[in-house]
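What's counted below: heavy atoms across the whole structure, side chains too, no hydrogens, waters or symmetry copies.
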Amino acid sequence: MSRQAALSQYLYARKLAQKYYKACTVHGQYPYTQVLNEVFTENAAAGRVNVGLVDIPMELIVGSTTAGRRSAFAGNFMPMLDEGTEFADKWIHLCEAHLDRGGISDPIVCWEYLGKFYVVEGNKRVSVLKSYGNPSIPGYVTRILPPWSEDETVQIYYEFLPFYQLSGLYNITFTARGSYEKLQARLGFAPDHVWTDDERSEFLFGYRKFVEAFEKVNAGRLEITAGDALLVWLQMNPPQDLQHTDLVKSLQAAWPDVMIFANGSAISLSTSPQTAEKPDLTRMLGFGRVNHLKLAFIYAYDPLRSSWTAAHETGRMLLESEMGDRITTQTYYCGDGEPLDSMEQAVADGAQMIFATTPPMIGACRQIAAKHPHVKVLNCSLSMPYAGVRTYYSRIFESKFITGAVVGAMAKEDRIGYVANYPILGTVAAINAFALGARMTNPRARISLRWSCLPGNPVRSLLDEGIKVISNRDSDKNEPHWAWEWGTYSVEDDGSLMPLASPRWNWGKFYEGVVQSVFDGSWNALSAKNPQAVNYWWGLSSGVIDVSLSPALPEGAKQLAKILKQGIIDGNIDPFCCTVNDQQGKMRIDGEHTLSAEEIIHMDWLAENVDGIIPEFDDILPVSQQMVRLLGIRRNEIKPQPEEVIL
């Protein structure tokens, strides 16, 4: 009976081999198992490590060490030869033993190279167990280390090695650097946590279910791994949901973000308010037309105590005054509570559009967007690669260029102080724009850079050095707010402050523009073809940002500021259309080509007339690290930590 069953299994496995072989030849792909000796040469190995007995995932066994069995197996390790051959007889005999003895338990012998396994002894054992769908097989493994190189595959592999020491897992693979550290953190483990047997078993149980869901949902055959998709999914779901959730449905909700990851996390930038290109017939007839919107504003801080939140609250009130009964707005103050709870309440209250006004709310925004896809969710941040959440910020560097020019013209000395908040996306561009503006009106101007996110008092440090003109953090309110903490000012001999100029936000203009885009249909035009992340990055031309000029400024300085502002609005003046060297003397801008939006947002170097540094993450005050982790110009280099929002 078992002999007949083994023969039937061989014939079934051979059909799988023939099907695989045919599919590969039709698509011009290699149809046989891989051969390690053809992948690398002996003298190319950086070393060998005896890993010992490992439970090897079947999907990672890709071939043999030599070409001796090349024609015997298709690439899926199913047998290719006729059932009357000696090879088939041995395969059937092994299968018969497998059926009679309750399984094949003898370990195979493998070499592992770049996370793939090549069989030295036991090819038929692998083939038999694969035909029955066994997920793994025990094997003695020798690891071949590749030489270090700039090849991303090699670099990801060297990140895998310490992860394996902690987890003992080969099962999960990635296509992006930093993924193993992120997985460790998203599972709630410290960077050096060694997994227990129970933790490993529990994760593998859930991960195998996730892989099944991934194979069902990945109809478009994205060129990513199930591990890649898991990391995206874990940004919106707790790890314990791997055990209890309908993973197909849950993964489908996260799939737009998975697609963005597969496409390189591209972000569509909206640099000015959109208008519908042409009337849509269905909208003209009234179908799908939006006549009223209920909006929710989520605040992390009390508007009475936070100028940042006060600016957004002012914007909300201006929006109400402009749009009247076409909208209804409601505010939700999180305080010490969870932003997700406030957003869930907003949805329960009927909110159709949510504005979360600080970057750390991005995690809650993503969960709400996945759970309630009918709700439009926006987060005030920059360059977040998520389909379900749109982000918004402003080109503050345009205003900084103008204030730099004003200060350069007004400063009695060549040294000018500048206090930056965090080394995040867009901040370095603002510093450099200010420095270039100052250089334009004073070629000898030097900018002394300080950071409010570092220990110490940055303003006091500048004053101690005798610097009397300081650009401090920007005023967030609509009216000029001159104080030691805000604006650009000169310090008079009697210690009083003479205000000069300061960038400011007019969030009401943004809220009006983006809400209008929903009414006129242009909202959908930004992501009509494919799921993509959308980032609103509006500037002076939209009115979202402006420059407050002190009444005490001389008329010439005011006129200069107005000329520069109008030139930027009209597109005739580009702050970065000039020759610029960095602090090391390397030419960064040749003056002939316009920088792209991405180059400006991700600028991570300082102009040669800036004296100072970009601080390292570990030097930044703990209270500021969350913001830098989310939006830092070098955020991909920051080691992830458990219980934190991780991109």
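Residue pairs that meet the side-chain hydrogen bond (donor to acceptor under 3.5 Å, both in side chains) test with at least one member in residues 449-458, sequence neighbours left out, are Arg450-Ser461, Arg450-Glu465. Residues in residues 290-318 take part in these salt bridge (Lys or Arg N to Asp or Glu O under 4.0 Å) pairs, two or more places apart or across chains: Glu313-Arg316, Arg316-Glu320. The side-chain hydrogen bond (donor to acceptor under 3.5 Å, both in side chains) analysis of residues 604-623, with sequence neighbours excluded, yields the pairs Arg446-Asp611.
Under the 4.5 Å side-chain criterion, counting only non-hydrogen atoms from C-beta, Val428 is in contact with Leu606. Arg439 places a side-chain heavy atom less than 4.5 Å from the side chain of Cys578. The closest side-chain heavy-atom distance from Ser541 to Ile569 is below 4.5 Å. With contacts defined as side-chain heavy-atom distances shorter than 4.5 Å, the pair Glu181/Glu159 does not qualify. Counting only heavy atoms from C-beta outward, the side chains of Leu183 and Phe174 approach each other to under 4.5 Å. Residues Phe214 and Asp228 form no side-chain contact, since every pair of their non-hydrogen atoms from C-beta on lies 4.5 Å or further apart. Contact check for Thr488 versus Val406: no side-chain heavy atoms found under the 4.5 Å cut-off. Using a 4.5 Å heavy-atom threshold, the side chains of Asn432 and Val610 count as touching.
The side-chain hydrogen bond (donor to acceptor under 3.5 Å, both in side chains) test applied to Arg460 returns no partner, not counting sequence neighbours. Checked against ring pair (Phe, Tyr, Trp, His ring centres under 6.0 Å), Phe434 has the following partners two or more places apart in sequence or in another chain: Tyr418. Here Phe210 pairs with Trp233 under the ring pair (Phe, Tyr, Trp, His ring centres under 6.0 Å) rule; sequence neighbours left out. The side-chain hydrogen bond (donor to acceptor under 3.5 Å, both in side chains) check on Glu152 picks up nothing, with sequence neighbours excluded. Every residue meeting the salt bridge (Lys or Arg N to Asp or Glu O under 4.0 Å) condition with Lys565, not counting sequence neighbours, appears here in chain and number order: Asp546. Annotation: ring pair (Phe, Tyr, Trp, His ring centres under 6.0 Å) contacts of Tyr301 (sequence neighbours excluded): none. Listed by chain and number, the residues in a salt bridge (Lys or Arg N to Asp or Glu O under 4.0 Å) with Glu512 amount to none (sequence neighbours excluded). Listed by chain and number, the residues in a side-chain hydrogen bond (donor to acceptor under 3.5 Å, both in side chains) with Asp341 amount to none (sequence neighbours excluded).
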Please determine whether side-chain hydrogen bond (donor to acceptor under 3.5 Å, both in side chains) holds for the pair Tyr386 and Asn379, giving the CA-CA distance in whole Å, both sets of side-chain angles, and the decisive distance to 0.1 Å. CA-CA 11 Å; Tyr386 309 128; Asn379 177 259; over 6 Å; no

Could you go through Leu500 and Thr403, starting from their C-alpha distance and side-chain angles, then the distance that decides it, and tell me whether this counts as side chain to side chain contact (heavy atoms under 4.5 Å, CB included)? CA-CA 8 Å; Leu500 300 174; Thr403 57; over 6 Å; no

Which is it for His312 and Tyr299 under the side chain to side chain contact (heavy atoms under 4.5 Å, CB included) test, yes or no, and what are the steps along the way? CA-CA 9 Å; His312 286 278; Tyr299 297 149; 4.1 Å; yes

Any chance you could lay out the side chain to side chain contact (heavy atoms under 4.5 Å, CB included) test for Ile354 and Cys365, step after step, and finish with the verdict? CA-CA 9 Å; Ile354 292 176; Cys365 287; 5.7 Å; no

Side chain to side chain contact (heavy atoms under 4.5 Å, CB included) assessment of Asp574 paired with Leu595: CA-CA 9 Å; Asp574 179 348; Leu595 294 184; over 6 Å; no

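Looking at every heavy atom in both residues, Ala369 comes nearest to Gly388 through CB-O, 3.3 Å. Annotation for Met361 and Ala356: closest pair SD-CB, 3.5 Å, computed over non-hydrogen atoms. Closest of all the heavy-atom pairs between Asp257 and Pro385 is OD1-O, 4.2 Å. The two residues Val580 and Ala607 make their nearest non-hydrogen contact at CG1-CB, 4.1 Å. When every heavy atom of Ile447 is checked against every heavy atom of Ala438, the shortest pair comes out as CD1-CB, 4.1 Å. Ser179 approaches Leu231 most closely through the heavy-atom pair CB-CD1, 3.5 Å.
Without hydrogens or angle criteria, Gln583 side chain to Gly612 main chain gives a donor-acceptor distance under 3.5 Å. Here the side chain of Gln625 pairs a donor or acceptor atom with the backbone of Ile620 at under 3.5 angstrom. Between the side chain of Thr357 and the main chain of Ile298, a donor-acceptor pair closer than 3.5 Å is present. At least one donor-acceptor pair under 3.5 Å links the side chain of Thr225 to the backbone N or O of Thr173. For Asn506 (side chain) and Lys509 (main-chain N/O), no donor-acceptor pair under 3.5 Å exists by modelled atom type. For the pair Ser542 (side chain) and Gly539 (backbone), a donor-acceptor distance under 3.5 Å is present. Here the side chain of Gln184 pairs a donor or acceptor atom with the backbone of His193 at under 3.5 angstrom. Under a 3.5 Å cut-off, the side chain of Asn535 and the backbone N or O of Thr391 do form a donor-acceptor pair. Counting only distance, with no hydrogens or angles, the side chain of Trp538 and the backbone of Ser270 share a donor-acceptor pair below 3.5 Å. Without hydrogens or angle criteria, Ser250 side chain to Asp246 main chain gives no donor-acceptor distance under 3.5 Å.
Atom CD1 of Ile545 is separated from atom CZ of Arg395 by 7.0 Å, given to the nearest 0.5 angstrom. Interatomic distance, Ile600 CD1 to Phe576 CZ, rounded to the nearest 0.5 Å: 5.5 Å. In this structure, OG in Ser383 is found 3.5 Å from CD1 in Ile267, a value given to the nearest 0.5 Å. Taking CG from Leu222 and CG from Asn263, the interatomic distance works out to 7.0 Å, rounded to the nearest 0.5 Å. With values rounded to the nearest 0.5 angstrom, Asn237 atom CG is found 9.5 Å from Arg366 atom CZ. Expressed to the nearest 0.5 Å, how far SG of Cys334 lies from CE of Met343 amounts to 6.5 Å.
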Return all side-chain donor-acceptor pairs below 3.5 angstrom for residues 370-378, not counting sequence neighbours, or 'none' if the list is empty.
unit_1: Lys371; atom_1: NZ; unit_2: Glu344; atom_2: OE2; d: 3.1
unit_1: His372; atom_1: NE2; unit_2: Glu344; atom_2: OE1; d: 3.1

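You'll find the ring centres of Trp507 and Tyr392 inside the 6.0 Å limit. Taking the six-membered ring for Trp, Phe297 and Phe355 have ring centres closer than 6.0 Å.
Atom CG of Asp325 is surrounded by 12 or fewer heavy atoms from other residues, nucleotides or ligands within 6.0 Å.
Judged by distance alone, the side chains of Thr358 and Trp308 never bring a donor and an acceptor atom under 3.5 Å apart.
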